[in-house]
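Worth knowing before you read on, the calculation uses all heavy atoms, side chains too, and leaves out hydrogens, waters and symmetry mates. Labels below follow one simple rule: chain letters A, B, ... track the order of the sequence lines, proteins then strands, and each chain is numbered from 1. Small disclaimer: the values here were computed from a predicted structure and weren't measured.
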Amino acid sequence: MRGNNTLWVPGTDHAGIATQNVVEKQLQLEGATRETIGRARFVQRVWEWKAESGSTIIEQLKRLGASCDWTRLRFTMDEGLSRAVREVFVRLYQEGLIYRGKRLINWCPRCLTALSDIEVQHEDVSGKLYYIEYPLANDQKKRLTIATTRPETMLGDTAVAVHPEDPRYNSLIGHRVLLPLTRREIPIVGDSVLVDREFGTGAVKITPAHDFNDFEAGLRHHLPRVALFDHHARMDPAGLQEAQVAEDVRQHLAGQTTDGARAMVVEALKKAGLLQKIEDHPMALGKCYRCKTVVEPYLSPQWFVKIQPLAEPAIKAVESGQIRMIPEQWTNNYLGWMREIKDWCISRQIWWGHQIPAWYCKHCNESAIVISSAKTYTISSEAKPLVSLQAPTHCPDCGQHDFIRDPDVLDTWFSSALWPFSTLGWPDDTPELKKYYPTSTLVTGFDILFFWVARMIMMGLKFMGQIPFRDVYIHALVRDAEGQKMSKSKGNVIDPLTIMDKYGTDALRFTLAAMASPGRDIKLSEERIEGYRNFANKLWNAARFIQMNLQAPHEGGVEITPRDAAMDAERSVVDHWILSRLNRCIGEVNFFLEAYRFDEAANRLYHFIWHEYCDWYLELVKPALFDKEGSGAAGTRTMLVATFDTLLRLVHPFMPFITEEIWQAMPHAGESLMIATYPAPQAALHNERSEQEVESIQKVVSTVRDIRGVQGIPPSRKLDAVIDIADNEITKHLQTHRLLIMTLAGLTQLTIGKELPSPPLAATAAMVFSEGRIGQLFINLTGIIDLDKETARINKRLHELTVQMEQTQKKLSNPEFVAKVPPDVLEKTRAKHQEFLLERDKLDAQRKRLQPGAAT
RNA sequence: GGGCGAUUAGCUCAGGGGGAGAGCGCUUGCUUCACACGCAAGAGGUCGCAGGUUCAAGACCUGCAUCGCCCACCA
């Protein structure tokens, strides 16, 4: 599990994500700032983690070719991945696709870092909407009322916007208003993008330094940006001065938090008679995912990737079908997001990650570098960076040697984006790169479709010149049994380790596969897992049964080959039947796996193994197996081992542990099931005739069991039966397998023939064999029969038949149906109707015989 | 506000034009020699509502209701 609820498939992770997640998770950096986290604590947590998981972060990183310098609280991966990251950064910078600029970003004033979209969690709150009156500059009695949820930012307004087609206001465009509490006049502009005429008063303040939309609007109208808050989100005296805030207000505001400032501004506006009203206004507030502090849009120098030139080829790759999203519905999400993509802020002010390969000459940038303490410094947007793979030796401008490195690190998704090729040795032209790029399938969760998948596509196309993968399989999200999103704060996370302890890893894995219907989330319920635990047990017991019936520990072959004449003669009907059925199952499972329908594949396997292989095959095989004198035992044992071996291979991807365990204990060829060939269907194994033949056996056995069940006859009570059927072929089948049927159905006597028994025996049933052939079964229940129960059973079936016949009759008597329906459907409907008729007649006749006095 | 999905048996869910399905749960009967984490039989559903297309709709179309998710935003 990763994040809140995404199932993380092992093997798709990479160093960048592992680093961030492991470190963040283990350190529980709840609100900790760079300054407060000590090395001791860090190292301690690393070792705690080792105790839990058996390997350390260091070991993991070393495996990935990294080296760590713990003393600096910042690790760099000098080989491998880090080299690729620097290479990409430098190339993009040289092409002008990476730039450093002062722009508005989401900022956590507690962690003191830029946050990506995924790191901002929105929370519904009950906010207020404040209506503030701005006096017109040329006539202060006239006022323009705006509505805002953040009155404290009004001091940084640099314009007011109205809709250019709004007759209420558009004559005011070009006029100016006095910004209350300040000595500034600001213009009224017309902006159809920003302004929603229906909202509030239809007039809106523009604060480019504290709101994303306003920032954009500010660019459109060339407005100045007045920043009021510092990086702690406190009122900055310099900002207040720049905003020309009235002296008395300014003194109180300096150093205030946003909340404190809000109260003061509202109070001051009230006093000035400029606060019209306050309304309740539910809204969503962005919070830092780590420390839950309210996120502040903050104007600061950051690094950005100019994304448009990278996005266009990535859009085409998906539009043209070069890259396929599965399920397809995600394609639109991807395209929609990509078409409206915004420049990507890649700098972070945290202390782990890949440090940005940029340096500043201290001499040339003296005024731009602000040293605030021994360890922290900020570099303003005016500074001129030197971007290169290695630290520069001298400044190209002044020739001096004193540099300071950009303290920022890269967004973890920056290195993640390079994963498809950086892990294979890029920028070197390695054999691995040649062999594994592009790869076939990426398995991932939709919540990182944009953060990761889209960026891998962009970077792959940019630096490798071709797509990184062909298929993107987007798996389901796991929810709890109530359908709630799993979340650490809610405490409803189902810990996979607990589940695995209780039910087994295979059971959990199989459950997830079986429930992974495309486009739907998974509500994980323990009952379902328990069901598949039972399935694992079933598999185990089937193996036990086979093993204990082998004569030598390694008896039996494992290869199923298409029949040749010699083999054909040796194989029994049951052999041919199970091979045919198994082959069918293999075909279906393969088909569904190729279509990414893991749920269907898992369900087919479950049903086949439990309800055909175990319920029927293992039972059908017993008479031959236990008949030590008979000739069929050895062949049957061979078939058991061969078919079960194939089944284990089929199930192995769904239940790797138990299948490997069983496989090793059975006669087998090869080292491990993991590397054994996966079964493929073989057309020659298909055997329609034997499938029909065994179906006849099953039909008779089921019918006897049916009567037993309804009459409540225990299995220990043996019965006599007579089958009446006017079909030579089926009669022949049944004759051949007479003993088998008797065993399975618990009969002492079975007569097969066309002759009705005389006197008629009490319990009967009609049996419909394949292709509409019908027979009748009589069971001697003298002294056992409950006439009422038997009549009720027949009546129930008669009722079902009547309902079904009404339906077919209605269709067949509809001229339009007969005229328009496809011939095969018409034929099928007619045949079905005939079947119903026959069965009804047989049952009807029998019901009459059951009437008191009818039987002799 | 835009988009997506869901609504089918008591529960969890498959099924996407031609006789309503699975697992779990429930009822009944089984100390059947692989398995009671089992075997056999069974009960249980006008497939959210209303229209439409069709010879035929649980399935396709339109609208509505309820629930959920994603994106944007709520000045």
Smallest heavy-atom separation, L798(A) atom then T802(A) atom, equals O-OG1, 2.6 Å
Between E839(A) and the options Q834(A), R797(A), Q804(A), the side-chain hydrogen bond (donor to acceptor under 3.5 Å, both in side chains) test singles out R797(A)
Reckon K828(A) touches a base, only the sugar-phosphate, or nothing at all at heavy-atom distances under 4.0 Å?
nothing
Of the candidates G42(B), G15(B), A34(B), the side chain of D706(A) sits closest to G42(B)
note: L719(A), atom CG; A40(B), atom P; distance rounded to Å ~ 17 Å
Q) Which part of the nucleic acid, if any, lies within reach of R533(A) when heavy atoms closer than 4.0 Å are counted: base, sugar-phosphate only, or nothing? A) base
Comparing N541(A) with K811(A), nearest RNA chain B nucleotide closer to 5' gives the residue K811(A)
In Watson-Crick or G-U wobble terms, with both distances under 3.5 Å, the base opposite A65(B) is U7(B)
With the side chain defined as heavy atoms from C-beta on, N814(A) is closest, among C37(B), C55(B), C70(B), to C55(B)
Q) What interatomic distance, in whole Å, is found between P of G23(B) and the corresponding atom of A6(B)? A) 24 Å
Given the C1' atoms of C11(B) and C30(B), what is the spacing between them in whole Å?
27 Å
**Message:** Using a 4.0 Å heavy-atom cut-off, does N332(A) contact any base of the nucleic acid, only the sugar-phosphate backbone, or nothing at all?
**Reply:** nothing
Parallel, tilted or perpendicular: which one describes the rings of F199(A) and H281(A), with boundaries at 30° and 60°?
perpendicular
message = So E800(A), base contact, sugar-phosphate only, or nothing? Heavy-atom distance under 4.0 Å.
response = nothing
Per nearest nucleotide of RNA chain B, the residue lying toward the 5' end, E816(A) or D599(A), is D599(A)
Separation of A41(B) atom C1' from R708(A) atom CZ, nearest Å, is 12 Å
For a quick check of understanding: with a heavy-atom distance under 4.0 Å over all strands, which category does P815(A) fall into, base, sugar-phosphate or nothing?
nothing
| query | Under the 3.5 Å rule, do the base of G19(B) and the side chain of Q807(A) count as making a donor-acceptor pair? | reply | no
| said: What's R597(A) touching, base or sugar-phosphate or nothing? Going by heavy atoms closer than 4.0 Å. | reply: sugar-phosphate
Query raised in the report: Quantified in whole Å, what is the P atom distance between nucleotide G21(B) and nucleotide A41(B)?
Result: 16 Å
Minimal heavy-atom distance between Y134(A) and I132(A), with the atoms involved, is CE1-CG2, 3.5 Å
When you compare the protein's N or O atoms with those of nucleotides 21-29 of chain B, which come within less than 3.5 Å of each other, and at what distance?
residue : atom : partner : partner atom : Å
G23(B)  : OP1  : H611(A) : NE2          : 3.4

Glycosidic torsion of G10(B) (syn if within 90° of 0, anti otherwise) classifies it as anti
Does D599(A) pair with R597(A) as a salt bridge, N-O distance under 4.0 Å?
yes
In this structure, are over 12 heavy atoms from other groups packed under 6.0 Å from H799(A) atom NE2?
no
Testing A43(B), A34(B), G5(B) for proximity to the side chain of Q329(A), the answer is G5(B)
ask   = When rounded to the nearest Å, what value does the distance between P atoms of G63(B) and A72(B) take?
value = 26 Å
Among the nucleotides C35(B), G19(B), C74(B), whichever has the atom closest to the side chain of F836(A) is G19(B)
- Check whether the ring centres of Y532(A) and Y503(A) lie less than 6.0 Å apart, and answer yes or no. no
Separation of C39(B) atom C1' from W616(A) atom CH2, nearest Å, is 12 Å
Across every strand shown, the nucleotide meeting Watson-Crick or G-U wobble geometry with G42(B) (both distances under 3.5 Å) is C26(B)
Taking distance alone, no hydrogens or angles, what donor-acceptor pairs closer than 3.5 Å link side-chain atoms of residues 203-219 of chain A to residues at least two apart or in another chain?
residue : atom : partner : partner atom : Å
K205(A) : NZ   : T153(A) : OG1          : 2.6
K205(A) : NZ   : D157(A) : OD1          : 3.1
K205(A) : NZ   : T207(A) : OG1          : 2.8
T207(A) : OG1  : D157(A) : OD1          : 2.7
H210(A) : NE2  : L228(A) : N            : 2.9
D211(A) : OD1  : N213(A) : N            : 2.9
D211(A) : OD1  : D214(A) : N            : 3.0
D214(A) : OD2  : T207(A) : N            : 2.7

Please report the distance separating the C1' of A43(B) from the corresponding atom of C37(B), rounded so that it comes out in whole Å.
24 Å
Using Watson-Crick geometry (N1-N3 plus N6-O4 or O6-N4) or G-U wobble (N1-O2, O6-N3), each under 3.5 Å, C33(B) is paired with none
Looking only at A40(B), C74(B), A34(B), the nucleotide nearest the T149(A) side chain is C74(B)
| said: Could you check whether atom CD of E328(A) has more than 12 heavy atoms from other residues, nucleotides or ligands sitting under 6.0 Å from it? | reply: no
Considering only heavy side-chain atoms of K538(A), the closest of C55(B), U12(B), A34(B) is A34(B)
Please report the distance separating the P of G5(B) from the corresponding atom of U62(B), rounded so that it comes out in whole Å. 12 Å
I609(A) atom CD1 is separated from C37(B) atom P, nearest whole Å, by 20 Å
When rounded to whole Å, the CZ to C1' distance for the pair R797(A) and A41(B) reads 16 Å
Margin query: Quick test of your reading of the model: are K832(A) and E835(A) salt-bridged, counting only N-O distances below 4.0 Å?
Written below: no
Checking G18(B), C70(B), C74(B) against the side chain of V821(A) (C-beta onward), the nearest is G18(B)
Re A57(B): Watson-Crick or G-U wobble partner, both distances kept under 3.5 Å, found to be none
Between CD of E619(A) and P of A34(B) the distance, given in whole Å, is 8 Å
Under 4.0 Å between a side-chain nitrogen and a carboxylate oxygen: does that hold for E806(A) and K810(A)? no
- With a non-hydrogen cut-off below 4.0 angstrom, is K622(A) in contact with a base, only sugar-phosphate, or nothing? base
Rounded distance in Å between the P positions of A59(B) and G15(B): 15 Å
When rounded to whole Å, the CZ to C1' distance for the pair F592(A) and G15(B) reads 11 Å
| query | How far, in whole Å, is G58(B) from C35(B) if one measures between their C1' atoms? | reply | 38 Å
Rounded to whole Å, CG of L335(A) lies from P of C71(B) at a distance of 17 Å
- Message: Considering every strand and a 4.0 Å limit on heavy-atom distances, what is the contact class for E340(A): base, sugar-phosphate, or nothing?
- Response: nothing
Pairing partner of G17(B), by Watson-Crick or G-U wobble and under 3.5 Å for both distances, is none
